[in-house]
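Just below is one structure, and these are the notes that go with it.
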Amino acid sequence: LSAAGGGGHAQLPTGQALSTRRLLMDFVELQSVASRKAVETLARHTDCPQSKPSLEALAGDGYREGVFLKRLSALDLLERFPACELPLALFLEMCPMLALRYYSISSSAAVQPDRCAITVGVVDDPAISGEGRFKGVCSNYLAGVEPDEPVFATLKETKANFRLPDDPATPLIMIGPGTGIAPFRGFLQERAKLKADGAALGEAILFFGCRHPDQDHLYREEMEAWAAAGVAAIHTAYSRLDGSKTYVQDLLRRERDAVWRLIEGGARIYVCGDGGRMEPDVRRALALIHSEETDASAEASDAWMDRMGAEGRYNLDVWVGG
């Protein structure tokens, strides 16, 4: 791979022999939505009298409906328009560099010093475009790893406040639907050990959410055992049970008395999971509880939530999907 043939990506390993297969598998994102500029480039490199006008239309007024909303990548378009004669270097310029995938550690080093657990949801669904399937790059890789096969990863320090308080008597409110349960499994492992060692634990509540108790209730037996041992009270929202749809923000409202009591007692709140919809809904639910308990205006309750964050009492480990 030469610098001239590596597109505009300075991170590509130029100056060495590299198979096309490895280049496309290990260095660039192949499923990212093609930009309008990329579609225009495809059209310029197409002489076919049928394909060229179609690509030009997709690069123009048809971009949003035909490419963006269907989540079509440059590779999807090349497969759809095989008459396009695009140089590899230009194709590489269209593909972002393969991004790091981050997972929250779902175990406690105090309990398992020689083992690190992660909680991964494997993404393998029909593509929005209606053609083929969309597979998560890292989740499917991890799902295919054999026992004892090495996996290369890096460890990143957690956000300053997203860890158990130094004082185990501090009350906790944990909110983590789906794989957002990951850090709280580690929290509860550690609280169980502290309790077994004789520490006095503050009250803790975990709000977990999943679709159905028989399908994706992660770590159910562990959670039930910790609840029975008094490590934390655990409330679970099922969004696909008996035709009802209950989410973690609904549980916050249902358990508002206990939530407010812990908040008044100095509780630290932790939220992990979807930052696009879930966390804003959780924030609104907490702000509404504050408004109702203190007769504060909506603006004052929003300001209270801001202060909770600034004081390290409302802590987030969230992500937003592309």
Side-chain angles (χ1 to χ4, degrees), residues 103-106 118-121 123 158-159 161-164 170-189 191 202-224 226-227 231-265 267-293 298 301-302 304-306 308-309 313-321:
Y103 297 97
S104 300
I105 293 175
S106 52
I118 58 175
T119 303
V120 181
V123 178
T158 187
K159 294 179 180 178
N161 291 320
F162 210 95
R163 62 183 70 213
L164 284 175
T170 303
L172 308 179
I173 298 172
M174 298 163 282
I175 305 161
T179 55
I181 192 64
F184 305 131
R185 179 176 182 256
F187 280 19
L188 296 184
Q189 280 186 353
R191 279 175 61 86
E203 190 174 352
I205 304 177
L206 168 66
F207 294 98
F208 172 65
C210 62
R211 289 185 176 87
H212 193 281
D214 299 328
Q215 297 174 2
D216 56 351
H217 193 144
L218 303 176
Y219 307 116
R220 183 173 183 174
E221 292 183 358
E222 289 183 344
M223 298 299 167
E224 290 175 347
W226 285 325
V231 175
I234 298 177
H235 302 280
T236 305
Y238 298 114
S239 63
R240 299 293 185 274
L241 177 63
D242 298 330
S244 62
K245 290 188 178 183
T246 304
Y247 301 99
V248 287
Q249 59 269 25
D250 301 319
L251 295 184
L252 285 169
R253 296 284 300 144
R254 190 185 76 187
E255 302 297 328
R256 51 169 291 173
D257 291 342
V259 168
W260 185 247
R261 175 169 48 79
L262 264 61
I263 289 174
E264 286 197 307
R268 292 178 65 171
I269 303 172
Y270 304 86
V271 185
C272 183
D274 170 38
R277 298 181 62 182
M278 180 275 295
E279 188 277 327
D281 287 342
V282 164
R283 181 186 171 97
R284 281 190 288 269
L286 291 169
L288 182 58
I289 291 173
H290 173 268
S291 177
E292 293 171 345
E293 293 291 336
S301 292
D302 284 339
W304 171 75
M305 285 299 304
D306 290 338
M308 290 282 283
R313 294 188 57 198
Y314 183 67
N315 305 291
L316 306 180
D317 180 10
V318 298
W319 55 87
V320 179

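Only heavy atoms go into these numbers, but all of them, side chains included; no hydrogens, no water, no symmetry mates.
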Of all the heavy-atom pairs spanning Ile234 and Ala227, show the shortest one and how long it is. CD1-CB, 4.1 Å
From Asp216 atom CG to Tyr238 atom OH, the distance as rounded to the nearest 0.5 Å: 9.0 Å
Nearest non-hydrogen partners of Cys272 and Pro177, listed with the distance: O-CD, 3.7 Å
Quick one: does Asp274's side chain have a donor or acceptor within less than 3.5 Å of a partner on Gly276's backbone? yes
Heavy-atom count check: over 12 atoms from other residues, nucleotides or ligands less than 6.0 Å from Arg211 CZ? no
Side-chain touch Pro213/Leu241, heavy atoms, less than 4.5 angstrom: yes
Is it true that, when you exclude Glu221 itself, more than 12 heavy atoms of the residues, nucleotides or ligands shown sit nearer than 6.0 Å to its CD? no
Are the side chains of Trp226 and Arg191 in contact, using a 4.5 Å heavy-atom criterion? no
So, Arg253 and Asp250, do they make that salt bridge, N to O below 4.0 Å? no
State whether the side chain of Arg284 and the backbone N or O of Gln249 hold a donor-acceptor pair below 3.5 Å, judged by distance alone. no
If you look at every heavy atom in Asp317 and Ser104, which pair is closest and at what distance? OD2-OG, 2.7 Å
Atom pair OG1/CD1 of Thr179 and Ile181 - distance to nearest 0.5 Å: 10.0 Å
Measure up the Phe184 and Tyr270 rings against each other and bin them: parallel (under 30°), tilted (30 to 60°), perpendicular (over 60°). perpendicular
As a test of understanding, state which of Glu293, His290, Glu292 forms a side chain to side chain donor-acceptor pair (under 3.5 Å) with Ser301. His290
Hey, does Thr236 have a side-chain heavy atom less than 4.5 Å from the side chain of Met223? no
Where is the tightest heavy-atom contact between Gly275 and Val318, given as atom of each residue plus distance? CA-CB, 3.7 Å
Does any non-hydrogen side-chain atom of Asn161 lie less than 4.5 Å from one of Arg268? yes
Test item: Asp281 and Tyr247 side chains (from C-beta on) under 4.5 Å apart, heavy atoms: no
Going from CZ on Arg240 to NE2 on His212, what distance comes out if it is rounded to the nearest 0.5 angstrom? 11.5 Å
Per side chain to side chain contact (heavy atoms under 4.5 Å, CB included), Ile269 is matched among Leu286, Leu262, Leu172, Asn315 by Leu286
Answer whether the closest heavy-atom distance between the side chains of Leu188 and Glu222 falls below 4.5 Å. no
Is there side-chain contact between Thr119 and Tyr219, with heavy atoms separated by less than 4.5 Å? yes
Where do Leu288 and Arg256 land on the side chain to side chain contact (heavy atoms under 4.5 Å, CB included) test, with the steps shown first? CA-CA 10 Å; Leu288 182 58; Arg256 51 169 291 173; over 6 Å; no
Check this for me, if you would: do Arg283 and Glu279 make a salt bridge, where the nitrogen-to-carboxylate-oxygen distance has to be below 4.0 angstrom? no
When the aromatic ring centroids of His235 and Phe207 are compared, is their separation below 6.0 Å? yes
Taking the side chain as everything from C-beta on, heavy atoms only, tell me whether Phe187 gets closer than 4.5 Å to Met174. yes
